[in-house]
Amino acid sequence: MPDRHALADPSMSSSGATQRWFDAAPLVPESNSRLYLIIEFLALFAGLPVLLFTQRHTLEGMIVPTLLLLAAFCVAILWHDQAFDRSRLWNRSRFKRRVVRAIGYFIPGAAVVVVALGVIRPDLLLTFPQAYPKVWIAIMVTYPFVSVYPQEVIFRAFLFHRYDALFPRNWSKIVASGAAFGLAHIIFANWVAPLMTAASGVWFARTYSRTGSTLQVSIEHGIWGCFAFTIGLGWYIYSGAIG
């Protein structure tokens, strides 16, 4: 009589692969590994944003250091994860193939946003660079490096790989990434920031899922972020206005 394990169906094989993934993931215990990752995900992407929101009045000057520290932790985890493809932390080849398409999406999308803002909040148009020109220039120069790339490491590269077993379908990872990205922005204490970033987070997650390139999604994020600060939406996501 043949061994029943030799006749295992595809679902059993998939379960075995999932278990091997759990066993290889750094800092994940051998027992109750799925429960551990659920708790870890909720702690990082729900508990931490809520904690920071409650302490936002005491966090002056600490937002960027906190972001960089968390990104460094995520990179360390990914770097020591044998199942992670390290090329995804950059992946320049994929970027070359899609950069023109990204610009093609940006131009009409930006036009729509400008028109909508002009109708809904005309008082905000270009007010940020006019009111704080030096701050605006500093943001244009530093934002892609100290904010955008670390965010993409955390909310795309890390989230997609670390919690792959919790969100096995591509669309579920995209939704989880967008929701986590939006929730992280509740620290700005306005309803526009989390809604706006949740929507953009879904878009960036879609890009990452198609390219596997943190560089590509960082370029897109940087373009849209600098655009948002320039036209006036930066008031909603400016750390100097927290509170």
Side-chain angles (χ1 to χ4, degrees), residues 25-28 37 39-53 55-56 59-92 94-95 138-164 166-167 173-174 176-188 193-194 197-198 200-209 211-226 228-229 234 237-240 242:
L27 302 182
V28 177
L37 283 178
I39 294 173
E40 181 186 272
F41 177 84
L42 292 176
L44 284 178
F45 297 107
L48 182 58
V50 170
L51 175 62
L52 293 177
F53 173 78
Q55 302 300 314
R56 65 189 183 280
L59 293 175
E60 183 177 358
M62 293 302 298
I63 300 301
V64 170
T66 300
L67 175 66
L68 292 175
L69 185 63
L70 183 56
F73 168 78
C74 292
V75 168
I77 293 294
L78 292 175
W79 201 258
H80 289 86
D81 191 328
Q82 297 179 358
F84 178 67
D85 179 3
R86 294 178 181 176
S87 69
R88 285 176 168 262
L89 289 173
W90 195 247
N91 209 339
R92 184 165 168 261
R94 289 294 185 92
F95 162 71
I139 289 174
M140 295 300 102
V141 173
T142 63
Y143 174 69
F145 305 101
V146 302
S147 182
V148 170
Y149 185 76
Q151 288 181 64
E152 291 308 319
V153 167
I154 297 166
F155 293 98
R156 254 58 74 178
F158 179 78
L159 188 151
F160 267 63
H161 179 77
R162 180 73 167 178
Y163 307 106
D164 179 67
L166 303 183
F167 306 104
K173 281 191 278 287
I174 291 174
S177 176
F181 192 57
L183 186 59
H185 288 78
I186 64 172
I187 192 172
F188 295 105
T197 53
S200 61
V202 168
W203 179 263
F204 299 147
R206 175 179 173 272
T207 294
Y208 180 79
S209 72
T211 65
S213 170
T214 307
L215 173 61
Q216 171 68 33
V217 72
S218 294
I219 294 294
E220 289 191 19
H221 185 170
I223 291 173
W224 280 103
C226 288
F229 276 108
I237 52 175
Y238 174 44
S239 62
I242 289 177

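- With no hydrogens or angles considered, a side-chain donor-acceptor pair links Ser177 and Arg156 at under 3.5 Å.
- Checked against side-chain contact (heavy atoms from CB on, under 4.5 Å), Ala184 has the following partners two or more places apart in sequence or in another chain: Phe155.
- Atom CD1 of Ile219 is separated from atom OG1 of Thr211 by 11.5 Å, given to the nearest 0.5 angstrom.
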Tyr163/Phe158 under ring pair (Phe, Tyr, Trp, His ring centres under 6.0 Å): CA gap, chis, key distance, verdict
CA-CA 8 Å; Tyr163 307 106; Phe158 179 78; 5.8 Å; yes
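- In this structure, CG in Leu215 is found 8.5 Å from CZ in Arg92, a value given to the nearest 0.5 Å.
- When side chains are defined from C-beta on, Trp90 counts as touching Tyr149, because their heavy atoms get closer than 4.5 Å.
- The CG atom of Leu37 lies 10.0 Å from the CZ atom of Phe167; values are rounded to the nearest 0.5 Å.
- In this structure, the side chain of Gln151 engages the main chain of Ser147 through a donor-acceptor pair within 3.5 Å.
- Counting only heavy atoms from C-beta outward, the side chains of Leu52 and Met62 never approach each other to under 4.5 Å.
- Considering all non-hydrogen atoms of both residues, Ile154 and Phe45 come closest at CG2-CE2, 3.8 Å.
- His161 places no side-chain N or O within 3.5 Å of a backbone atom of Ala157 that could act as its donor or acceptor partner.
- In terms of heavy-atom proximity, Phe41 sits nearest to Leu159 at CE1-CD1, 3.8 Å.
- Arg206 places no side-chain N or O within 3.5 Å of a backbone atom of Trp203 that could act as its donor or acceptor partner.
- To the nearest 0.5 Å, atoms CD1 (Ile187) and CD1 (Ile63) are separated by 3.5 Å.
- Residues Asn91 and Gln216 form no side-chain contact, since every pair of their non-hydrogen atoms from C-beta on lies 4.5 Å or further apart.
- Remark: Thr197 OG1 to Phe188 CZ distance equals 8.5 Å, nearest 0.5 Å.
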